[in-house]
Amino acid sequence: VWTTSAQGISFTSEITHNQVSTTSSKETIVSQGTTTTTEQNFSISNNIISTTKITTNTSVQGFNLSTESTFSPAKTAIAFDYCVSQTHNNSYTISTVTSGGTTTSEQNEAYVVVSVDESLTTAGGTFSTVKIKLTVTSDGETFDAINWFDKATGILVKNETYDVKGALSSTTEVSSF
């Protein structure tokens with residue numbers, strides 16, 4: 001269960017992670033009457049995870065919305081082995097297809113490993129984490145996120161996002177595990 005706080009509003013979400021295979025994963029999020037299922041297709045080689053497609057299906061009060069995002073070249077990130085100050089840069093075009101048509105945008109992501117054994121306590125427990133700062137530039141706007149991943153499971157246990165001015169815009173963390 002996750003708790004998210006943004007602009008004075010707080011809500012909880014129940015997230016289920018299912019590893020479907022070594023090349024795809026599935027996640028279901030239930031929050032405030034909305035169910036979202038996300039499937040991700042990827043490959044892992046030389047400690048880099050390369051994502052080629054993400055499909056999302058959202059159901060809200062009987063209304064369904066499906067999106068399919070493809071990445072060219074593949075969206076990449078550091079997979080498992082981390083060291084402090086390790087960096088990874090990635091530029092790609094994302095094409096998203098919805099019932100309303102197709103949108104395309106250019107993205108650049110820069111990852112920096114801030115720490116590799118940081119103890120982080122949330123309402124869901126205490127975790128030994130890898131802390132990664134992510135800087136994203138999308139269609140000319142840049143924002144940052146800081147992510148803490150549990151070293152034992154690889155699951156994201158805390159996320160902070162910052163707006164284009166650098167102000168904290170939201171915090172999400174595990175509230176039960």
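Residues: numbered from 1 along the sequence shown. As the structure is a computational prediction, the values presented were derived from the model and not from experiment.
Of the residues listed (D150, T172, T171), the one engaging K158 in a side chain to side chain contact (heavy atoms under 4.5 Å, CB included) is T171, and it is the only one. Remark: of the listed residues N147, T129, T126, T129 is the sole one forming a side chain to side chain contact (heavy atoms under 4.5 Å, CB included) with V157.
Considering only heavy atoms from C-beta on, T135 comes within 4.5 Å of T142 through its side chain. For the pair I132 and H88, the minimum side-chain heavy-atom distance is 4.5 Å or more. Counting only heavy atoms from C-beta outward, the side chains of E160 and W148 approach each other to under 4.5 Å.
Taking CD of E173 as the start and CG of L120 as the end, the distance is 7.0 Å to the nearest 0.5 Å. Taken to the nearest 0.5 Å, the OG1 atom of T56 stands 10.0 Å off from the CD atom of E68. Between the CG atom of D139 and the OG1 atom of T104 there is a distance of 9.5 Å, given to the nearest 0.5 Å. Between the CZ atom of F143 and the CG atom of L134 there is a distance of 7.0 Å, given to the nearest 0.5 Å. The distance from atom CG of D163 to atom CD of E141, rounded to the nearest 0.5 Å, is 10.0 Å. Atom CD1 of residue I94 and atom OG of residue S69 lie 4.0 Å apart, to the nearest 0.5 angstrom.
For the residue pair T161 / S170, a side-chain donor-acceptor distance below 3.5 Å is found, with atom types taken as modelled. A donor-acceptor pair shorter than 3.5 Å cannot be found between the side chains of T98 and T67. For the residue pair S24 / N41, no side-chain donor-acceptor distance below 3.5 Å is found, with atom types taken as modelled. Looking only at atom types and distance, the side chain of T76 has a donor-acceptor partner in the side chain of N90 under 3.5 Å away. A donor-acceptor contact closer than 3.5 angstrom links the side chains of Q107 and S138. Counting only N and O atoms by type, the side chains of T23 and S43 include no donor and acceptor under 3.5 Å apart. In the model, Y92 has a side-chain atom that pairs as donor or acceptor with a side-chain atom of E109 under 3.5 Å.
Put simply, L156 and I54 are part of two different groups of oily side chains (I, L, V, M, F, W, Y) that touch within less than 4.5 Å, one to the next. V114 and I155 are not part of a single hydrophobic cluster, where members link through side-chain heavy atoms under 4.5 Å apart.
Counting heavy-atom neighbours within 6.0 Å of E14 CD, excluding the residue itself, gives a total of 12 or less. For K133, the NZ atom sits in a loose shell: 12 or fewer heavy atoms of surrounding residues, nucleotides or ligands are nearer than 6.0 Å.
Judged purely by atom type and a 3.5 angstrom limit, T122 uses its side chain to pair as donor or acceptor with the backbone of V174. Distance alone, capped at 3.5 Å, places no donor-acceptor pair between the K151 side chain and the D117 backbone. Side-chain atoms of S119 do not come within 3.5 Å of backbone N or O of S128 as any donor-acceptor pair. Between the side chain of N46 and the main chain of I48, no donor-acceptor pair closer than 3.5 Å is present.
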Can N47 and Q86 be said to form a side-chain contact (heavy atoms from CB on, under 4.5 Å), step by step? CA-CA 12 Å; N47 200 42; Q86 181 179 4; 4.2 Å; yes

Could you give me the CA-CA distance, side-chain angles and deciding distance for T52 and F71, then say whether side-chain contact (heavy atoms from CB on, under 4.5 Å) is met? CA-CA 5 Å; T52 54; F71 305 92; 5.8 Å; no

